[in-house]
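Report on one structure; see the data block that follows.
This structure is a prediction, so every number in the text was calculated from the model and none was measured. Each chain gets a letter, A, B and so on, in the order the sequences are listed, and its residues count up from 1. Hydrogens, waters and symmetry mates play no part in the numbers below; they use all other heavy atoms, side chains included.
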Amino acid sequence: MIPAIEVRAVNKSFGNVEIIRNLNLRIEKGERHAVIGPNGAGKSTTFNLISGYLAPTSGDVLLNGQVVSGLPPFEINRRGLSRSFQLTNVFARMTVWDNVRCAVLWASGQRYAFWKSMDDLQDVNERTIRILEDIHLAARRDVIAGLLPYAEQRALEIGITVAGGSDVIILDEPTAGMSRAETDRAMALIKRLTEERTLVIVEHDMNVVFGLADRISVLVYGEIIASGTPAEIRNDPRVKEAYLGQEAVDA
Amino acid sequence: MTELVSSAPMSRAVPGARLRFYAAWGMVAVLLAAFPSIFTSASSLTTFSLVGTAIIFALSYNILLGQTGLLSFGHAVYYGIGAFFAVHTMNLIPQYGLPVPLPLVPLIGGVAGLLLAILTGWISTRRAGTVFSMISLGVAELAVALALILTDFFGGEDGISTNRTKLPAWFGWHFGPQVQVYYLVAFWVFVSALAMYALTRTPLGKICNAVRDNPERVQFVGYDPHIVRYLAFCFAGLFAGIAGALAAISFESANFTDLGWVKSGAVIFSTYIGGTSIFAGPIVGAIFFVYLSLSLSDYTSVWQLYFGLLFILVVRYAPGGIGGTLLMHRMPFRVGGLGRILRTYAIAAVPTLMLVGGFVLAVETIVHHTVNANEDPRIKAFGVSFDASSPMTWIVAGLLMLIGYFVGRLTWRGVTRAWDDARTIASERGIPS
């Protein structure tokens, strides 16, 4: 079977600094894959390389078997990959409703239409309503996104990411800065919204990682040192040594 | 919060909204049609032609600034090109006996603006922010230089003149009388404003807002921000060209200053003062700007100085412009604190006016001594006569400013407190400010 994402021998350096070294990663369709690693390991860079935010210095990234590295982000998005951001990245001066509508637009084939009224686009509006109900923001639809409380902005961030119906969803620390209760809600939300899709997630919270992921890859200093099921990773001595250590005992 | 929940039966095509839309635009149409019956003098109709042109121009500029977040320093280039193409068209039509009536000429200007925007836009909209602004400045400089070199087309410093009445009559109208020109301008103002409003409600219009807020994220929902900015730029060029053509029709001439910096600066000024965040903001700004520039110049020779100060004050204290500032008062209105806020305004207005009065007195006196020093010292500014060489003038100006400033500070604290209280109530009730 063709994997959803395949990273082949990718290197990324900024000037002389090598951030990612010979990265190889294979994520099957329908899998929930977590990428973990200590701070500065290159997790966000990996995400930026996969989503087209950065182009690799060498190597290829494949999405559903097609090479996408070097394409601009919007091209990769149109091929079925959508990502969220570690720092909330919504359309701050627009309403919640318009935020999600904009995220649905391209996927419903509206392109750059300037001859149709948004309010008449039944398909767009129905999809938006469904997403808003999914992320429990239906009652907040007319609030300016920048004025939402933090946890709700995070929910909107996830809503924007999944709204276009991409098969591959990648989430960069979706629960960062959330309380325990908010994290649990966010996890349930992510699980529900990414059913039957491929999910790649970067996360610091080990409860989230082990509760959500089918497979885990451990990234240390730009290299993947281990990849496997949660049980395998938990018992991998290299991982324990390099990264999990104390946190594995706590979890 | 409870209102928001209950008022959300989740379908968006609210019939009330549609009705409001037709009612509002219907009212605009009626007002435009009735205007000449209320203000019958030719001069007020001429003023309206200026205002109408400025409205289209400012709205077209706000497609860039307010909707897409692009700060252009050279928007007058597209206005000017529209004006020149309109003038040349108006000269060619009678020369070749073409059956094109005057009301269609703005379309030529619009197409000229659009074509130029299509040419210059692709490169300039590749990046937003400073890069875009600087390129717009460069294009403006280039356009002015070219206009002074290509004298056949631009007529050098004198410009090109025309006669609008030479065109084929349109249902018996020759557009000699000012009222006929008024209706021509009013028609195009209505059509252009409606079209630009409609544009904000289309998929492209919404994505423009998204590009303004977050061009990075737009890419991850499938859109190329460069194309979005480019399309917005082309629309802005189109409507600027229409505005330029209308100006050319009103003045029966076009001049290189039509595409120069002063014109570009004026549209930034009026759009920003009116408010970029709401659709009607630039309309208010354009009316305010034209009215003020016509009336202030009657009262004082340094009216640009007051304009500049006003601009600084708006940027500093009311960044939402006139429109945004008015809209801001919805929140205290909802929580019932508006009455108190307005009372604090009324109190604060007294020392503030003293401060302004003292300042104006000082400025006019200084202007007299530096610019018109040899003339009669008894001068008149804003309808008030005074002796610029008398020490009394300085004493009065100084006292007004001092008292105005220190008393004003106290009263403005009251305004701040009233706002703070309203905000506290609003946040307790979950009403967004």
Counting only heavy atoms not in A:Y150, do more than 12 fall under 6.0 Å of its OH?
yes
Engaged part of B:V211 at the chain A interface, taking heavy atoms whose separation is under 4.5 Å:
neither
Checking A:T161 against chain B: side chain, backbone, both or neither under 4.5 Å from a heavy atom?
both
For B:F220 and A:S51: C-alpha separation, side-chain torsions, deciding distance, then whether side-chain contact (heavy atoms from CB on, under 4.5 Å) applies.
CA-CA 8 Å; B:F220 293 95; A:S51 63; 3.7 Å; yes
Would the distance check show the side chain of B:R217 and the main-chain N or O of A:N89 forming a donor-acceptor pair, the cut-off being under 3.5 Å?
yes
Quick check: does any side chain N or O of B:N214 sit under 3.5 Å from a backbone N or O of A:F91, one acting as donor and the other as acceptor?
no
Tell me if the OH atom of B:Y22 is crowded by more than 12 foreign heavy atoms within 6.0 Å.
no
Considering residues, nucleotides and ligands other than B:I123, do more than 12 of their heavy atoms fall under 6.0 Å from its CD1?
no
Less than 4.5 Å to any heavy atom of chain B: does that hold for the side chain of A:V104, its backbone, both, or neither?
neither
What part of A:L121 gets closer than 4.5 Å to chain B, counting heavy atoms only: side chain, backbone, both or neither?
side chain
Taking all heavy atoms of A:C102 and all of B:A210, pick out the closest pair and write down the distance.
SG-CB, 4.0 Å
Between B:K206 and A:M118, is a side-chain contact (heavy atoms from CB on, under 4.5 Å) present by the stated rule, with each step listed?
CA-CA 8 Å; B:K206 278 290 173 235; A:M118 283 287 272; 3.5 Å; yes
Return yes when atom CD1 of A:I2 has more than 12 non-hydrogen atoms of other residues, nucleotides or ligands closer than 6.0 Å, and no otherwise.
no
Under 4.0 Å between a side-chain nitrogen and a carboxylate oxygen: does that hold for A:R111 and B:D224?
no
Between A:N77 and B:V221 the two heavy atoms that sit nearest each other are OD1-C, 3.2 Å
For A:K116 and B:T202: C-alpha separation, side-chain torsions, deciding distance, then whether side-chain contact (heavy atoms from CB on, under 4.5 Å) applies.
CA-CA 6 Å; A:K116 302 180 195 172; B:T202 65; 5.8 Å; no
Tell me whether B:D213 contacts the main-chain N or O of A:M94 through its side chain, where contact means a donor paired with an acceptor under 3.5 Å.
yes
Does the side chain of B:E216 come under 3.5 Å of the side chain of A:Y53 through a donor N or O and an acceptor N or O?
yes
CZ (B:R201) with more than 12 external heavy atoms under 6.0 Å
no
If you count heavy atoms of other groups shown closer than 6.0 angstrom to CZ of A:R26, is the number above 12?
yes
Pick from B:V218, B:I227, B:L231: which one has the most heavy-atom pairs with chain A under 4.5 Å?
B:I227
Approximate separation, where rounding is to 0.5 Å, of B:C234 SG and A:F114 CZ:
9.5 Å
Test of ring centre spacing under 6.0 Å for A:Y112 and B:Y223
yes
For the CG atom of A:D119 and the CZ atom of B:R18, what is their distance to the nearest 0.5 Å?
7.0 Å
